Amino acid sequence: MEISMEQKKATEVVQRKKGGYRTLPFIIANETFEKVANVGLHVNMILYLLQEYHFDPATAAIAIFLWNAASNFLPIFGAFLSDSWLGRFRVIAFGTAIDLVGLVVLWLTAIIRHARPECHEEPCAKATAPQLVFLFSSLALMALGAGGVRSSTLAFTADQISNPENPQSERTMKSFFNWYYVSVGVSITVSVIFIVYIQVKAGWVVGFGIPVGLMTFSAVMFFLGTSMYVKVKPNKSLLTGFAQVIVAAWRNRYLPLPPKNSDIWYFHNGSNLVQPTSKARYLNKACMIKNREKDLDSDGMPIDPWSLCTVRQVEELKAIIKVLPIWSTGIIFSTTISQQSFSVVQATTMDRMVFHKDIPSTSFSAFIIITLTAWVVVYDRILVPLFPKGRGLTVKQRMGIGVAISSLATLVAALVETKRRNKAIREGFIDKPKGVVNMSAMWLVPQYCLYGLAEGLNFIGQIEFYYSQFPNAMSSIAVSLCTFGYGVGNLVGSLIVKIVQDVTGRGGKDSWLASNINRGHYDYYYAFLFILNLVNLLCFFICSKAYGSTGDIQIWDEHVETRVISKKENDSK
């Protein structure tokens, strides 16, 4: 049903009364405290599994890889639920509640003594099946909750401040993405430094109880702003639309494509997108009108939507397909960034005294977030104004530089581990994996800083890239593609660890990732990752060049007012 110009303007006025910068404290508080509550757990979980559940390092790393993978896989499903069915507000609300339940269950594993295996003498008893189910159920709930919160928070926040009528809107949104990451970075830094420290020094009961309190506060803050939020309605036909395009293109596969610039051949239903782009042209057959009298009803709508789709439906599916090659290069990047479990094991064998304070081995990863945050501030406030017209680096340039720096980070990690291992052997710790070598854990800081810089360039570039290539109705999916790639990267990381462990440990030899870090060769493992990153960098250059321009479609609006008015005037004559 068409709406009048007066109704549309009235709706816009009502919408403008909601949202705005006043809603940001409630949303950012929810995201911030969710990160503070959860990120420290991801960092410190390696110690919990090693100390309380008696996992070996490789098995613990695989478990954490899989947990991280689930935490980053599920946001893409949350995004589809958000954009196609429930809406962003509801998905975030459900995710927040489920995350809180997961934290409470994890807290109970620390409170209830029989929830963990006992260790009266070496070797310690392994965890029983019920104990593992109890533990992993908490991790699963937290991953499910993260799928709701992380899939939609960024897009939901953008809904509150987006204003297409403002000529400065594009620059505002770019700056918003950077500063959003700063707020996330600060919260992660607090989590990695303070929450991890409390867990190590005060014990797991107190250390897990504080995140429960923080997540409770997070939920309260988010729901307090309910009446002020702009709540964009979901596009219920999104997933169905994708399926219709695929089916219609297959049904029309024998039709020849019409010449370019022939919009009369295509069904656009009043959309600004009157003609499909030339990329992935095969799908253009889904919106071709074969015979207007047979394909369209009396109202000008398709008789069979599974044989004729709109240009917009075709372009929405293309938007996802086109970014997949570049997205795939983020997998190895994510695999590299998520290798911090082994760095924690390294740090436990090194001198961790900094300014006369014994720093927990997991807290050194805070340098990743500190570097990331510092880079965003310097880039947005100092470097961008120096570029012509203040545009800064393009998104693809930032992504490519990030991949290159991640390659350098793995090379530095390999060199540092070689130095640490050689020193451990010289000092007689070859069979004493818990022995502390005379080498400062600050040697790990350069690789952490490089990881942080790479993440600040690549991940923020990815988010902005996907967001700019998709319509607003798909913005949750756009943002979640980045976390989905991170999840795939963690899954690939667990597979790589398993393969390296099995292949290099054949014949009874110590594997590169042996429980005894001094008999293993973690430096060889990092060198292997360095080679993978170089190959990935080459793939990125190829995919980036093949993608071409990032501005093929500038207008995604579903209806053009002048077209609606013109149609009404013609109908009234």
Side-chain angles (χ1 to χ4, degrees), residues 39-65 67-68 116 119 122-124 191-204 207 338-368 409 412-449 451 493 497 501 510-526:
V39 173
L41 297 179
H42 282 261
V43 173
N44 225 20
M45 189 56 63
I46 184 74
L47 295 181
Y48 192 56
L49 296 181
L50 292 175
Q51 296 172 2
E52 301 296 330
Y53 285 83
H54 318 309
F55 284 30
D56 64 79
T59 303
I62 290 173
I64 292 172
F65 269 132
W67 181 32
N68 286 335
R116 309 184 308 282
C119 185
E122 296 286 347
C124 297
S191 181
V192 170
I193 294 176
F194 295 104
I195 301 298
V196 166
Y197 186 85
I198 291 172
Q199 289 169 354
V200 171
K201 298 299 182 182
W204 300 110
S338 59
Q339 294 294 319
Q340 308 318 314
S341 295
F342 294 125
S343 299
V344 170
V345 177
Q346 290 173 267
T348 57
T349 70
M350 303 169 78
D351 180 9
R352 300 189 304 275
M353 295 299 294
V354 179
F355 298 117
H356 307 293
K357 292 288 186 181
D358 184 14
I359 306 299
S361 56
T362 49
S363 293
F364 286 91
S365 59
F367 284 99
I368 295 177
V412 171
L415 295 175
V416 170
E417 172 54 17
T418 299
K419 180 179 177 64
R420 188 212 63 80
R421 184 177 183 275
N422 290 340
K423 203 168 188 64
I425 293 173
R426 285 198 304 269
E427 294 177 6
F429 293 129
I430 185 66
D431 289 315
K432 298 178 181 178
K434 295 183 179 180
V436 178
V437 300
N438 185 25
M439 179 179 175
S440 174
M442 293 297 287
W443 277 88
L444 298 172
V445 171
Q447 68 195 56
Y448 281 138
C449 291
Y451 284 137
V497 168
Q501 186 183 31
D510 290 314
S511 76
W512 290 357
L513 302 175
S515 297
N516 183 340
I517 189 174
N518 296 328
R519 283 197 171 274
H521 268 289
Y522 286 59
D523 50 347
Y524 290 177
Y525 176 69
Y526 285 128

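Bear in mind that the values here come from a model prediction, so they are computed numbers and not experimental data.
Every salt bridge (Lys or Arg N to Asp or Glu O under 4.0 Å) that Asp358 has, sequence neighbours left out, goes to Arg352. A search for side chain to side chain donor-acceptor pair (under 3.5 Å) contacts involving Thr349 returns Arg420, not counting sequence neighbours. The side-chain contact (heavy atoms from CB on, under 4.5 Å) test applied to Arg116 returns Tyr48, Glu52, Tyr53, Arg113, not counting sequence neighbours. For Thr59, the side-chain contact (heavy atoms from CB on, under 4.5 Å) test picks out Phe55, Asp56, with sequence neighbours left out. Taking His521 as the reference, Arg421, Trp512, Asp523, Tyr524 meet the side-chain contact (heavy atoms from CB on, under 4.5 Å) condition, with sequence neighbours excluded. A search for side-chain contact (heavy atoms from CB on, under 4.5 Å) contacts involving Val436 returns nothing, not counting sequence neighbours. For Arg426, there are no side chain to side chain donor-acceptor pair (under 3.5 Å) partners at least two apart in sequence or on another chain. Judged as a ring pair (Phe, Tyr, Trp, His ring centres under 6.0 Å), and not counting sequence neighbours, Phe429 has no contacts. Under the rule for a side chain to side chain donor-acceptor pair (under 3.5 Å), the partners of Gln346 that lie at least two apart in sequence or sit in another chain are Glu417, Tyr526.
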Distance-only check: which donor-acceptor pairs under 3.5 Å involve side-chain atoms of residues 438-448, not counting sequence neighbours?
| residue | atom | partner | partner atom | Å |
| --- | --- | --- | --- | --- |
| Ser440 | OG | Met442 | N | 3.1 |

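For the pair Ala413 and Tyr451, the tightest heavy-atom approach, listed with the atom from each and the gap, is CB-OH, 4.3 Å. Here the closest non-hydrogen pair linking Ser515 and Pro433 is O-CB, 4.5 Å. Of all non-hydrogen atoms in Ile198 and Gly207, the two that sit nearest each other are CG2-CA, 4.3 Å.
Within the model, atoms OH of Tyr522 and OG of Ser343 stand 11.0 Å from one another, a figure rounded to the nearest 0.5 Å. In this structure, the separation between NZ on Lys432 and CD on Glu427 is 11.5 Å, given to the nearest 0.5 Å.
Although no hydrogens or angles enter the test, the distance criterion places a donor-acceptor pair under 3.5 Å between the side chain of Asn516 and the main chain of Ile430.
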